Every structure is written in structure tokens, then in C-alpha cells.
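From a predicted model like this one, the values you see are computed outputs, not experimental measurements.
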Amino acid sequence: MRSLYGKFLSFTTGIMLTSAVVAFLVVNTYYHQQLKGQNDAKNMNIALTMAEYIETEEPADLAGYFSTQATSGYKLFVVNDSRQATLYGAPFRLENLRPASVDKVLNGQLYHGMRDLKTETFMTGFFSDELANTVGVPFTYNGETYALFMRPDIKLLFTEVHYLLGGMVVVMAIVSLLSMLIVAKKLIEPITKLTAAAKKVGEEKFTGSLDITRRDEIGQLAQSFQRMTEKLSENDRMRKEFISDVSHDFQSPLLNIKGYANLLMDSGLPEQERQNYAKVIQSETERLSSLTKQLLLLTSLDQLESPLKPIKFRLDEQLKEVIRKQRWLLEEKEMSLVMELDEVAVTGDPAFLEKVWENLLSNALKYTEVGGEIDIRLTEGKDEVKVAIQDNGAGIAEQHLSRLFDRFYRVDHSRTQQVEGTGLGLSIVHQVVKLHGGLVQIDSKEGVGTTFTIILPKL
Ligand code: ADP
């Protein structure tokens, strides 16, 4: 059977049968080693007592005496000198007593048939209703020699107690088998539920919760499965949202490009407008290009294996280089920049960390009005280094702070609505810093300014 339930059942039945066979073999060995001899001796004693009684008391009615013994639970086979036999009690199933054994007893020897009966392999020999399976003793009565063979009448001895005990064993076997069936069903039920749920998850159906309230290992498995399903469902939701965001962000520049390209095809277009349209197409293409680059970067950061190739390098020098590259923008917006940089070496991936500073500095520039001020500080602590980039720009309202690292999340600043962006910059910052084992802190007040502090472990 392939089902767990079937296996459980066959194992249980198998175990019950095996234990019954083993128990039978053990009892059988005990019977052959111990009980057979004891039984023979016990019966021999009884037979000898009978013989002694007859010889000493000489009962007037010998046949009557044997009949009384027969009614009290014995089968007696009495042979006289002339080999004439009389049976008292129920007849034997097999009258297989050898004449030589009779002769031996008549000659004064004892017959240990119960002990010496070889033919019976199993303890069932104990019950074997054969004339050979008796004990035999000689006795004399009125000067004549007799041989008395006897064994207990099992049918008579099988009293109510034996039936009760036998019944008990049968009832026990049936009850335990039935209980096993119920227990197995109960045990396997949650596994069946889990299998069905796993199948649903395999088909990307994440709805419904598992109705398993057990506290054992299966209960724990169900809980873990439930958590895993929730996580998968959340991931699935995020993935779909991400795809829809990406499509949307690609769609609008593409539509713009298509529209302006159509307009450009008009041969009578004045030169000035042609120039303007071409500029729009150019800027939209740049936007698409930067979006693609940022997405590629994020994808590389999402890999299971960290893409970082850490080396030790001077962070203050890297920051100076990033500022140098963006100086023209600072000048264009007539912004002042203050920097205070400790000479600090860190271990990290310089290429990825450069993206962090570029994004933070360009945000500070983008979201600060003309003539604003940017302050960059690099300080070295005992175990970590801190980079704080502060501006006195638009600031971010509190309700947005928790979602700033979400991909494509952007805040509409009424004053800086024209600012271009993808909503991916801070996700990249967060991801890179996280991969370096660091932390991003945001301190911002709408209309006052924002400070991004990156804390990196020194390693
Ligand atoms: P974007 O491409 O829109 O700049 P980011 O992920 O870099 O995307 O930033 C997400 C949002 O956070 C931005 O839309 C902006 O509203 C806000 N933000 C980021 N940096 C600043 C800052 N220095 N001052 C004010 N707002 C900021």
C-alpha cells in the first residue's frame, strides 16, 4: 500500500502478528524446557497417589472409584494382566499407546508419555488428546497387576476462567486493532491537510489558513508551513506590484518618446520646436537608461550570494571624489557645501558604496532649493564609522519615513514636483548598507531639512 495510512495499518498488524509469533515461540520453548517435565511429574504424582490408594485401601468397587476420578476431570485407561483395557471418562482422540509401553508398566515400570512424547513440536502437545500422551503406573488389586494410564481431560478442565481469559485476549486484539485504525486516521489527518495545502501553494494559490491546532511536531510543521505560505504570499504580492511599477515607469517615457518622435516627423516643424522635442526624447531616453541601470543594480543586490567584493579603502577619499563629480551641480544651484571628513579606512565594496554616496548627495541636491546648504561629515567611532549627509531642503513628512526604502516609493513635494526620479535610489542605499552589515538613519523635518546617517561597522 502506498498511502501512509495503509503503511501504518500494515506495520501495526505486522507488529501484532510478529509479537504473537515471538510470544508463542518463547512460551513454546518454556513449555519444552520446563513445563513439559513438570506437567508429567505432577500427573505422575496423581497417578501414583491413585495407585497407592487402591493398594492400601482396596476399594470394593474399583470401577466405581475410577468412574469418580473420571468425573472429576481425568481420562483413565486401565489394562489388566490379560491385556484387557477399560476406559473411564471421555474417549481419547487417538488410541496410539504402544503394547510395549503397556508391558513395561505391567512389569512394574513407570510410563512418562507426557514428558517423552517427541512427535509434538509445539506446546500444543500439552493439549494433545492421545493415549500415548499420558502417564502410566502399575498397581495391584486383589492380587492382580494392572497398568493405569491417565491424563487430565482438557475439555473438562477448560473451565469458564479459561474461556474468559481467551475471550479477553481476542477482545484486546480487536480493540487494539480498532484503536490503531482511529489513532492512525487522527495522526495522518493533518498530514493529508498539509499535503493538500502544499499542493495549493504549488499552484500559487496562497489563500486559506490551515485548520491544525495541535502542539506536537506536526502542529509545529503546520505553523512553519503557515508562516512560509504567508511569506510566499507577501513575496508574490510584492513581485506583482514590482512588475506593475516597473511596467508603469517604463511605459510613460516610452509613450513620450513615441509621441515626440511622431511630432518630429512633421517636415514643416520650426527648428526651435524640433530642438525642444529632440531634447525631450533625449532626456526620456536617459531616464530609461538610468532606470534600467538602477534595476540591474538592485537585481544584483537581491542575489542569494552577496555580490560584494570587499577591500580596505579610504572612505574620506571616496567621499571627496563623489563630491568632486557633482560639484558642477552644486555650482549650478548655487549651493554651499561644508565637509568635515576624518581620515578613515573601511572594509567594503567601494563600487557599491560609491552608489550610496552618489544617491544621497544627488537627493540632497535635488530636494533642496537654490542657494541651500549641504553638510557632509565623516566620523570614526570605536567600532563603526558614520557618514552624515545633511541638507536644509524640503524635508520629508513623518508618514512617508517608513516607506522610503520601498522600491518605486516617491514623495510628492509640492515645491519640487518637477524633480525627476525613479524612487529606486533609497532602496539601493538601504540594500547596499544592509549587505555591509550597516544601518541607515533618517532624521527629517518637513520644510526644515533632512539628515541621512549611514553607520557602517569597521570590521
Ligand atoms: P527618487 O528617485 O525619487 O529620488 P529615492 O528613492 O532616492 O527616489 O527617494 C525616495 C523619495 O524620498 C524621493 O521621492 C523624495 O521624495 C524623498 N527624499 C529622498 N531624499 C530626500 C531629501 N534629501 N530631502 C527630501 N526628500 C528626500
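- The one candidate from V387, V385, V346, L378 that meets the side-chain contact (heavy atoms from CB on, under 4.5 Å) condition with D316 is L378.
- Counting non-hydrogen atoms of other residues, nucleotides and ligands closer than 6.0 Å to CD of E343 gives a total of 12 or fewer.
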Item checked: Derivation and outcome, side-chain contact (heavy atoms from CB on, under 4.5 Å), residues T29 and H32 -> CA-CA 5 Å; T29 314; H32 278 290; 5.9 Å; no
Next item on the list: Show the numbers, then the answer: is there a side-chain contact (heavy atoms from CB on, under 4.5 Å) between V411 and L404?
Entry: CA-CA 8 Å; V411 183; L404 277 191; 4.0 Å; yes
Margin query: Let's go through T195 and K199 carefully: what are the C-alpha distance in whole Å and the side-chain angles of both, what is the deciding distance for side-chain contact (heavy atoms from CB on, under 4.5 Å) to 0.1 Å, and is it a yes or a no?
Written below: CA-CA 6 Å; T195 314; K199 210 169 148 199; 5.9 Å; no
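- With sequence neighbours excluded, the residues satisfying side chain to side chain contact (heavy atoms under 4.5 Å, CB included) with N43 are N39, I46, Y74, M114, V135, M150, P152.
- Annotation: the span from K258 atom NZ to N256 atom CG amounts to 11.5 Å, rounded to 0.5 Å.
- Using cut-offs of 30° and 60° on the angle between ring planes, the pair F242 and F408 is tilted.
- Looking at D249 and R287, a side-chain N of the basic residue comes within less than 4.0 Å of a carboxylate O on the acidic one, giving a salt bridge.
- Applying the 6.0 Å contact sphere to CD of E203 captures more than 12 heavy atoms from other residues, nucleotides or ligands.
- Here CD1 of I257 is found 5.0 Å from CG of L288. Values are rounded to the nearest 0.5 Å.
- Residues forming a side chain to side chain donor-acceptor pair (under 3.5 Å) with E354 (at least two apart in sequence, or on another chain): K325.
- Remark: side-chain polar atoms of D342 are not paired, donor with acceptor, to backbone N or O of V344 under 3.5 angstrom.
- In terms of modelled atom types and a separation under 3.5 Å, the side chain of D216 and the main chain of G219 share a donor-acceptor contact.
- Under a 3.5 Å cut-off, the side chain of H436 and the backbone N or O of T347 do not form any donor-acceptor pair.
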Side-chain donor-acceptor contacts of residues 450-459 below 3.5 Å, not counting sequence neighbours, with atom names and distances?
residue	atom	partner	partner atom	Å
T450	OG1	S444	OG	2.9
K458	NZ	E380	OE2	2.9
K458	NZ	G381	O	3.1
K458	NZ	K382	O	3.3

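- By the 30° and 60° cut-offs, the orientation of the rings of Y65 relative to Y53 is parallel.
- Judged as a salt bridge (Lys or Arg N to Asp or Glu O under 4.0 Å), not a single pair has a partner in residues 134-148 (not counting sequence neighbours).
- Pairs of residues two or more places apart, or lying in two chains, that qualify as salt bridge (Lys or Arg N to Asp or Glu O under 4.0 Å) and include a residue from residues 96-106 are R83-D103.
- Listed for the T68 side chain is a donor-acceptor partner under 3.5 Å among the backbone atoms of G64.
- Side-chain atoms of S224 come within 3.5 Å of backbone atoms of Q220 as a donor-acceptor pair (strictly under, hydrogens ignored).
- Judged by distance alone, the side chain of K445 and the main-chain N or O of G395 form no donor-acceptor pair under 3.5 Å.
- Checked against side chain to side chain contact (heavy atoms under 4.5 Å, CB included), D302 has the following partners two or more places apart in sequence or in another chain: R407, Q431.
- Around atom CE of M238, no more than 12 heavy atoms belonging to other residues, nucleotides or ligands sit under 6.0 Å away.
- The neighbour count for Q399 CD, taken as heavy atoms of other residues, nucleotides or ligands under 6.0 Å away, is above 12.
- The heavy-atom pair separating S176 from M16 by the smallest distance is OG-CE, 3.3 Å.
- From M180, atom CE reaches atom CG of L187 across 10.0 Å, with rounding to the nearest 0.5 Å.
- Atom CD of residue Q390 and atom CG of residue D443 lie 8.5 Å apart, to the nearest 0.5 angstrom.
- One finds no salt bridge joining E234 and K231 here, because no Lys/Arg side-chain nitrogen approaches an Asp/Glu carboxylate oxygen to under 4.0 Å.
- Judged by distance alone, the side chain of Y141 and the main-chain N or O of P59 form a donor-acceptor pair under 3.5 Å.
- More than 12 heavy atoms of other shown residues, nucleotides or ligands fall within 6.0 angstrom of atom CD in Q38.
- In this pair, F77 and F92 present their aromatic rings perpendicular. The plane angle is above 60°, beyond the 30 to 60° band.
- Applying the 6.0 Å contact sphere to CZ of R239 captures more than 12 heavy atoms from other residues, nucleotides or ligands.
- A donor-acceptor pair under 3.5 Å is formed between the side chain of D40 and the backbone N or O of R115.
- Enclosure of atom NZ in K386 is not indicated, since only 12 or fewer non-hydrogen atoms of other residues, nucleotides or ligands lie within 6.0 angstrom.
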Margin query: If you apply the rule side-chain contact (heavy atoms from CB on, under 4.5 Å), what do you find for L94 with L131, and how did you get there?
Written below: CA-CA 6 Å; L94 262 183; L131 191 48; over 6 Å; no
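- Side chain of T18 to backbone of G14: a donor-acceptor contact under 3.5 angstrom is found.
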